[in-house]
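Below, each value reflects all heavy atoms present in this structure, side chains not excepted, and no hydrogens, waters or symmetry copies. Both ligands and their constituent atoms are indexed starting at 1 by order of listing. On a predicted model such as this, the values are computed, not experimentally measured, just so you know.
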Amino acid sequence: MRDETCIFCKIANGEIPAAAIYEDEQFRVILDLGPASKGHALILPKNHFTDLTDLDEETSSKVLALAAKVGTAMKKSLGCAGFNLVQNNGEAAGQTVFHFHMHVIPRYEGGPRMVSWEPGSPSKEELAGLADCIKKELK
Ligand code: AMP
Ligand code: ZN
């Protein structure tokens with residue numbers, strides 16, 4: 001379950017040093033080298049999964065609880081008022097490292113706007129058509 005060419009496999013398994021804040025049997029949590037805010041962390045599974053669609057059940061069942069734990073620790077230790085979870089899947093979505101990771105981004109009162117978008121204004125018909133289109137694949 002390792003990819004010898006993957007930098008996050010090496011970091012998650014302690015072969016490349018990183019500022020680690022948490023470790024258990026399945027995960028290592030490190031600070032991002034290019035943080036969006038002070039304390040920005042990355043949750044890395046020790047096994048290699050390309051993205052969310054590739055995760056095994058055991059890992060996916062644990063990652064959200066770990067994100068909550070990390071976010072709660074950030075609020076207590078750093079005094080952030082909240083945090084965002086960001087998880088990019090695919091190049092078009094901004095993924096640059098193809099080993100599943102979950103960003104935990106502390107947000108501070110008065111901090112810069114981020115993780116936001118200009119809301120669209122689709123018609124009811126357009127929304128209904130899109131809902132039909134996606135629903136078919138979810139059955
Ligand atoms: P993504 O764009 O979702 O694939 O995020 C990749 C993240 O990994 C970026 O926020 C990078 O700053 C971060 N990153 C890349 N290499 C390292 C590294 N060696 N140590 C810590 N963070 C890294
Ligand atoms: Zn990997």
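- With a cut-off of 2.8 Å, the protein N/O/S atoms near the Zn ion (ligand 2) add up to 4.
- Of the possible donor and acceptor atoms, none in the side chain of N84 sits under 3.5 Å from a partner among the backbone N and O of V86.
- Looking at Q87 and Q95, their side chains never come closer than 4.5 Å, going by heavy atoms from C-beta outward.
- Here the straight-line distance linking atom CD of E126 with atom OG of S123 works out to 5.0 Å at 0.5 Å rounding.
- Salt-bridge annotation for E23 and K46: present, with a side-chain N of the basic residue lying under 4.0 Å from a carboxylate O of the acidic one.
- A distance of 7.0 Å separates CG in N47 from CG in D56, rounded to the nearest 0.5 Å.
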Return a table of donor-acceptor pairs under 3.5 angstrom between the side chains of residues 128-139 and protein atoms on other chains or two or more places apart.
none

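- F83 forms part of a hydrophobic cluster together with M1, I21, Y22, F27, V29, L31, I43, F49, L52, L55, V63, L64, L66, V70, M74, L78, L85, F100, M102, V104, Y108, judged by ILVMFWY side-chain heavy-atom separations under 4.5 Å.
- Between E57 and K62 there is no salt bridge, since no side-chain N of the basic residue sits under 4.0 Å from a carboxylate O of the acidic one.
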Taking a 3.5 Å cut-off between nitrogen or oxygen atoms, can you list every pair linking ligand 1 to the protein, with distances?
| from | atom 1 | to | atom 2 | distance (Å) |
| --- | --- | --- | --- | --- |
| ligand 1 | 2 (O) | G94 | O | 2.9 |
| ligand 1 | 2 (O) | T96 | N | 3.4 |
| ligand 1 | 2 (O) | T96 | OG1 | 3.1 |
| ligand 1 | 3 (O) | N88 | ND2 | 2.9 |
| ligand 1 | 3 (O) | H101 | NE2 | 2.8 |
| ligand 1 | 3 (O) | H103 | NE2 | 2.8 |
| ligand 1 | 4 (O) | T96 | N | 2.7 |
| ligand 1 | 4 (O) | T96 | OG1 | 3.1 |
| ligand 1 | 4 (O) | V97 | N | 3.0 |
| ligand 1 | 4 (O) | H101 | NE2 | 3.0 |
| ligand 1 | 5 (O) | H101 | NE2 | 3.0 |
| ligand 1 | 5 (O) | H103 | NE2 | 3.3 |
| ligand 1 | 10 (O) | D32 | OD1 | 3.3 |
| ligand 1 | 10 (O) | D32 | OD2 | 2.5 |
| ligand 1 | 12 (O) | D32 | OD1 | 2.5 |
| ligand 1 | 22 (N) | L33 | N | 3.2 |

Set out, in order, the CA-CA distance, both residues' side-chain angles and the distance that settles ring pair (Phe, Tyr, Trp, His ring centres under 6.0 Å) for H101 and H103, then state yes or no. CA-CA 6 Å; H101 52 281; H103 297 258; 5.1 Å; yes

